[in-house]
Amino acid sequence: MPDRLFEPLRFRNLTVKNRLLRSNIAGRFDDYDGSGTSTRINWELKFARGGVGAILSSWCGVDPRGFIVPNYASIDSDETIPFWRELGRRVQEYDCAYVLQLAYGGRQRDIQGIAYPKGLSSTNKPDPLHGFRCQRATPAQLEQISRRFAEGARRAREAGLAGVEIHGANGYIFTQFLSSAINDRDDEYGGPLENRARFLLETIRAIRAEVGDDFHLQVKLSATEYANAFLPWLKAGNTIEDSVQVAQWIEAAGADAIHVSAGSTFPHPVNPAGDLPLKTVLATYDGMISSGVHTFRNYLLYRTPVIGQLMSRRWSRPAETVEGFNLADARRIKEAVSIPVLCTGGFQTASLIRSAIERGDCDAVTIARPLVANNDLPQLFAEGHDRAPRPCTFCNKCLFNVVENPLGCYDERRYESREQMIAQIMSVYDPPPYVTAAPADSAVAR
């Protein structure tokens, strides 16, 4: 009997060689203006060589006003197409599909940059945790954002990429409209679920009108928001019942797949679930202090021993509860649609993934942190390992380092030495973008 993990995954417009996909994750590897660099290509090739069937790119902005942080590669102009064409070509050399995640931050950002102090959102209210400032977008502005997504998809197609994913999850702009805990509008984009879903569905249709029906398009969705998981005075937000209905509308609008996640913000206690590494937060959170109205307050709270520990306990989840957390929601959605369903959530055990696919919980899984810890995880599965010898510990130091430091696994317990850890983190810069030629011996002698 063939191994379900390594069966081809067939979408309407795309076939992927296996059921193990790299989820969207990357660091600040690019230029301030969103121009891509060879460092990002090095990063993506780690996972293509490791055997994943497809890579879902990290967060890729379609418009400068919607960027979440400087130094992330974007697709906001035609000048970006050659970079994405080269990246896709290099990844495809390993029989790995490259799907570009199209995104817009809205009120959710990490570092605002110099151009736009306020993001556009469904609301005028800053986000409750960091206090990132925003203003309520007008219908005309929403139409323009949908157009920017369509233009980004057109550029991805021209670059020869395998498809695109709309980031409709984890607190970014479409979550801000879908969410009953965030959206406080009283126009055609607020109130009932159908109105709150209007912006996302209009964007799907705008993309289809731009690229046609024969280009892969999927949507990432927070199936359950748990909006009050960290701050208990907030509303809970959308439930799985809401998202089942939204998923059906997404399919009807023309999407080829749905990618199931959770949480009303990013980061969030259930995404990525695991620890809140307080020492790492204290070492890096200062880089965000100027971005939000609550960030300095949070920094002081994190530095107060008792309060910081209480915040950490409120956030943290036991490691044994992380893997497969979203499978029940994925199954509910899969039962309601006819297109493939992907599921994210700390996957790193072959037998668990295999069982989920065989049960019909999902069609494939997407993996981020466990692949950062073990870039060759699919190869390890193919060799018969049920888990990597040194699995991801869900310490989340990778996540909280990324504000100031290169992305990589920062759990020293997984390495023979700190030097080995640093070498692995810095390997993303090898090969370098250029190599200076050594001067001729005769010239040096003279």
Side-chain angles (χ1 to χ4, degrees), residues 11 13-18 20-64 67-104 148-149 151-167 207 211 215-218 220 259 366-368 371-372 375-376 378 402 406-408 425-435:
F11 302 97
N13 295 308
L14 175 67
T15 298
V16 174
K17 68 182 179 183
N18 62 41
L20 306 169
L21 284 65
R22 207 290 308 278
S23 192
N24 50 299
I25 188 168
R28 297 177 64 186
F29 293 142
D30 306 290
D31 292 328
Y32 193 92
D33 66 348
S35 302
T37 67
S38 60
T39 303
R40 178 169 296 273
I41 295 176
N42 293 344
W43 171 258
E44 301 294 39
L45 290 177
K46 285 174 176 275
F47 308 100
R49 285 192 297 264
V52 295
I55 290 173
L56 309 181
S57 84
S58 71
W59 200 103
C60 182
V62 297
D63 184 270
F67 291 177
I68 57 168
V69 66
N71 306 104
Y72 266 35
S74 67
I75 195 161
D76 61 314
S77 72
D78 286 356
E79 284 70 31
T80 66
I81 294 174
F83 168 75
W84 293 112
R85 181 180 292 121
E86 175 64 11
L87 190 158
R89 183 189 69 79
R90 298 282 301 280
V91 165
Q92 289 161 14
E93 288 176 354
Y94 295 90
D95 191 22
C96 179
Y98 197 82
V99 176
L100 192 68
Q101 186 184 77
L102 306 178
Y104 191 103
R148 297 293 279 168
F149 272 86
E151 291 167 351
R154 186 260 303 166
R155 294 179 185 118
R157 180 162 198 166
E158 289 183 15
L161 304 183
V164 294
E165 175 177 89
I166 297 175
H167 200 337
I207 291 174
V211 302
F215 185 60
H216 180 73
L217 167 61
Q218 62 186 51
K220 189 173 187 182
H259 183 188
T366 72
I367 309 170
L371 277 169
V372 174
N375 305 160
D376 61 346
V402 79
L407 183 58
I425 291 167
M426 298 302 291
S427 66
V428 74
Y429 299 102
D430 185 27
Y434 63 90
V435 178

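Throughout, residue positions are numbered sequentially from 1 according to the sequence presented.
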Does P70 offer a backbone N or O that forms a donor-acceptor pair with the side chain of R28 under 3.5 Å? yes
Do V52 and C96 have side-chain heavy atoms sitting under 4.5 Å apart? yes
For a quick test of reading the model, state the closest non-hydrogen atom pair linking P432 to S38 and the distance between them. C-OG, 4.4 Å
Any donor-acceptor N/O pair, Q92 side chain to G160 backbone, under 3.5 Å: yes
Taking N18 for its side chain and L20 for its backbone only, find out whether a donor-acceptor pair lies under 3.5 Å. yes
With heavy-atom distances below 4.5 Å as the criterion, would you say the side chains of L100 and L102 are in contact? yes
Under a 4.5 Å cut-off applied to non-hydrogen side-chain atoms, are R148 and Y104 in contact? no
Please give me the minimum heavy-atom distance between A156 and I75, naming the atom from each residue. N-CD1, 3.7 Å
Is there a side-chain contact between Y98 and L56 (heavy atoms, below 4.5 Å)? no
Minimum heavy-atom separation for R22 to I55, with atom names? NH2-CG2, 3.2 Å
Examine the side chains of T366 and K220 and answer whether a donor and an acceptor come within less than 3.5 Å of each other. no
Test of understanding: with side chain to side chain donor-acceptor pair (under 3.5 Å), list the residues that count as partners of E79, not counting sequence neighbours. S77
Can H216 and Q218 be counted as having a side-chain donor-acceptor contact under 3.5 angstrom? yes
Determine whether Y72 and C60 make a side-chain contact, defined as any pair of heavy atoms from C-beta on separated by less than 4.5 Å. no
Does D30 offer a backbone N or O that forms a donor-acceptor pair with the side chain of N71 under 3.5 Å? yes
Determine, step by step, whether D78 and R154 satisfy the salt bridge (Lys or Arg N to Asp or Glu O under 4.0 Å) criterion, reporting the C-alpha distance in whole Å, the side-chain angles of both residues, the deciding distance to 0.1 Å, and the verdict. CA-CA 10 Å; D78 286 356; R154 186 260 303 166; 2.9 Å; yes
Using atom types as modelled and distance alone, determine if a side-chain donor or acceptor of N42 lies under 3.5 Å from a backbone N or O of V428. yes
What one should report as the nearest heavy-atom pair of W84 and S74 is NE1-O, 2.9 Å
How close do A162 and A97 get, heavy atom to heavy atom, and via which atoms? CB-CB, 3.8 Å
Evaluation steps, salt bridge (Lys or Arg N to Asp or Glu O under 4.0 Å), between E158 and R155: CA-CA 5 Å; E158 289 183 15; R155 294 179 185 118; over 6 Å; no
Passing option when F215 is tested against V164, N13, I207 for side chain to side chain contact (heavy atoms under 4.5 Å, CB included): V164
Using a 4.5 Å cut-off on heavy atoms from C-beta on, say whether the side chain of S58 contacts that of Q101. no
Pairing residues for W43 by the ring-ring contact (aromatic ring centres under 6.0 Å, His included) criterion, not counting sequence neighbours: F29, F47
